[in-house]
Amino acid sequence: MLQDRDFQDLAEFRYQIRRYLRFTEEESRKAGIEPQQYLLLICMRGMPDGMSPTLTNVAERLQLKHNSVVELVDRCVEKGLVTRSAYHHDKRTVVLALTEEGKKVMEGLAVLFHKQMRQLAPEFLAALLALVKEERTASKS
């Protein structure tokens, strides 16, 4: 059974996540793109080795429905941030690519967000460790 401390730890962890996300949302908008557009760009650039930035893979990595990703990609194509093309092995599969403008915007924001994460890391890690510690204690009971 969860205790008051468990709820406090959960709330603190969520607060630390939200601080970071709010910062990234505000800075994305200042850079002229929506936060979801930045998430698409960083998702494409940060695909795991061996995974292509297809609509299906991006939808999975962003945890969005396929049709939501299509709409997001449409907006990024209109802004000149992303291109799409048919996969050479299977023309039904759509592969995405960052344009030079998309790379420029994404990299500028990524540097800023990486710096912010390093600044918030001690509090973020403390909140995460409190949750893990509590979980271990609860498991032993």
Side-chain angles (χ1 to χ4, degrees), residues 1-87 89-141:
M1 184 147 110
L2 295 178
Q3 304 297 317
D4 288 345
R5 184 73 226 168
D6 297 312
F7 290 105
Q8 291 168 352
D9 291 342
L10 284 167
E12 179 64 20
F13 182 66
R14 191 211 175 279
Y15 168 67
Q16 295 303 331
I17 292 171
R18 190 64 201 121
R19 283 177 63 197
Y20 176 73
L21 291 177
R22 191 192 94 245
F23 176 82
T24 63
E25 291 162 0
E26 290 173 355
E27 293 301 321
S28 293
R29 288 186 180 105
K30 286 180 188 175
I33 64 172
E34 290 299 314
Q36 288 281 48
Q37 293 171 336
Y38 170 76
L39 292 178
L40 173 65
L41 301 178
I42 196 73
C43 174
M44 290 170 57
R45 177 65 175 86
M47 279 285 168
D49 290 339
M51 185 180 282
S52 299
T54 63
L55 286 175
T56 300
N57 289 341
V58 167
E60 170 58 27
R61 301 292 291 183
L62 292 177
Q63 290 292 287
L64 295 173
K65 292 183 180 180
H66 188 273
N67 61 321
S68 297
V69 172
V70 170
E71 292 173 19
L72 180 57
V73 168
D74 287 345
R75 290 191 301 273
C76 285
V77 167
E78 287 173 16
K79 281 188 161 285
L81 303 170
V82 172
T83 61
R84 67 174 111 210
S85 60
Y87 186 59
H89 292 300
D90 181 353
K91 300 297 182 198
R92 296 170 296 176
T93 302
V94 175
V95 179
L96 306 173
L98 294 172
T99 64
E100 287 305 313
E101 180 64 18
K103 288 178 190 175
K104 178 181 164 189
V105 170
M106 183 271 309
E107 289 173 2
L109 287 170
V111 167
L112 182 63
F113 298 163
H114 193 260
K115 179 180 176 183
Q116 179 70 5
M117 180 53 78
R118 284 193 312 270
Q119 290 175 352
L120 295 176
E123 294 164 340
F124 186 85
L125 289 173
L128 178 59
L129 290 172
L131 282 175
V132 173
K133 180 180 176 188
E134 293 299 318
E135 181 63 28
R136 287 183 189 157
T137 304
S139 297
K140 292 179 183 177
S141 303

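None of these values were measured; they are calculated from a predicted model. What you see below is based on every heavy atom in this structure, not just the backbone, and it leaves out hydrogens, waters and symmetry mates.
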Task: Heavy-atom side-chain proximity of E27 to F23 below 4.5 angstrom - done: yes
- [ ] Classify the angle between the aromatic ring planes of F124 and F13 as parallel (below 30°), tilted (30 to 60°) or perpendicular (above 60°).
- [x] tilted
Open item on the list: Within the structure provided, determine whether L62 and L72 are in side-chain contact (heavy-atom separation under 4.5 Å).
Closed with: yes
Open item on the list: I'd like to know whether E25 forms a salt bridge (Lys or Arg N to Asp or Glu O under 4.0 Å) with R22, so could you lay out the CA-CA distance, the side-chain angles of the two residues, the decisive distance to 0.1 Å, and finally the verdict.
Closed with: CA-CA 5 Å; E25 291 162 0; R22 191 192 94 245; over 6 Å; no
- [ ] Answer whether the closest heavy-atom distance between the side chains of R61 and M51 falls below 4.5 Å.
- [x] yes
Task: Minimum heavy-atom distance between P53 and M47, given as atom pair plus value - done: CA-CE, 4.0 Å
Open item on the list: Are L40 and V82 packed together at the side-chain level, in the sense that at least one heavy-atom pair is separated by less than 4.5 angstrom?
Closed with: yes
Task: Sub-4.5 Å side-chain heavy-atom contact between L81 and L98 - done: no
Task: Residues E26 and K30 bridged, charged N to O under 4.0 Å - done: no
- [ ] Measure the shortest side-chain to side-chain distance between Q36 and L64 over non-hydrogen atoms and say whether it is less than 4.5 angstrom.
- [x] yes
Open item on the list: Check this for me, if you would: do D74 and K79 make a salt bridge, where the nitrogen-to-carboxylate-oxygen distance has to be below 4.0 angstrom?
Closed with: no
Open item on the list: Donor-acceptor check, side chain of Q37 to backbone of E34, threshold 3.5 angstrom: yes or no?
Closed with: yes
Task: Donor-acceptor contact present, side-chain D9 to main-chain L131, <3.5 Å - done: no
Task: side chain to side chain contact (heavy atoms under 4.5 Å, CB included) between M44 and M106, intermediate numbers included - done: CA-CA 10 Å; M44 290 170 57; M106 183 271 309; over 6 Å; no
- [ ] With the side chain counted from C-beta on, respond yes when S85 and V94 share a heavy-atom pair under 4.5 Å apart, and no when they do not.
- [x] no
TODO: To the nearest 0.5 Å, tell me how far E107 CD sits from H114 NE2.
DONE: 13.5 Å
Open item on the list: Donor-acceptor check, side chain of Q63 to backbone of E60, threshold 3.5 angstrom: yes or no?
Closed with: yes
Open item on the list: Can you confirm whether the side chains of E12 and Q16 place a donor and an acceptor under 3.5 Å from each other?
Closed with: yes
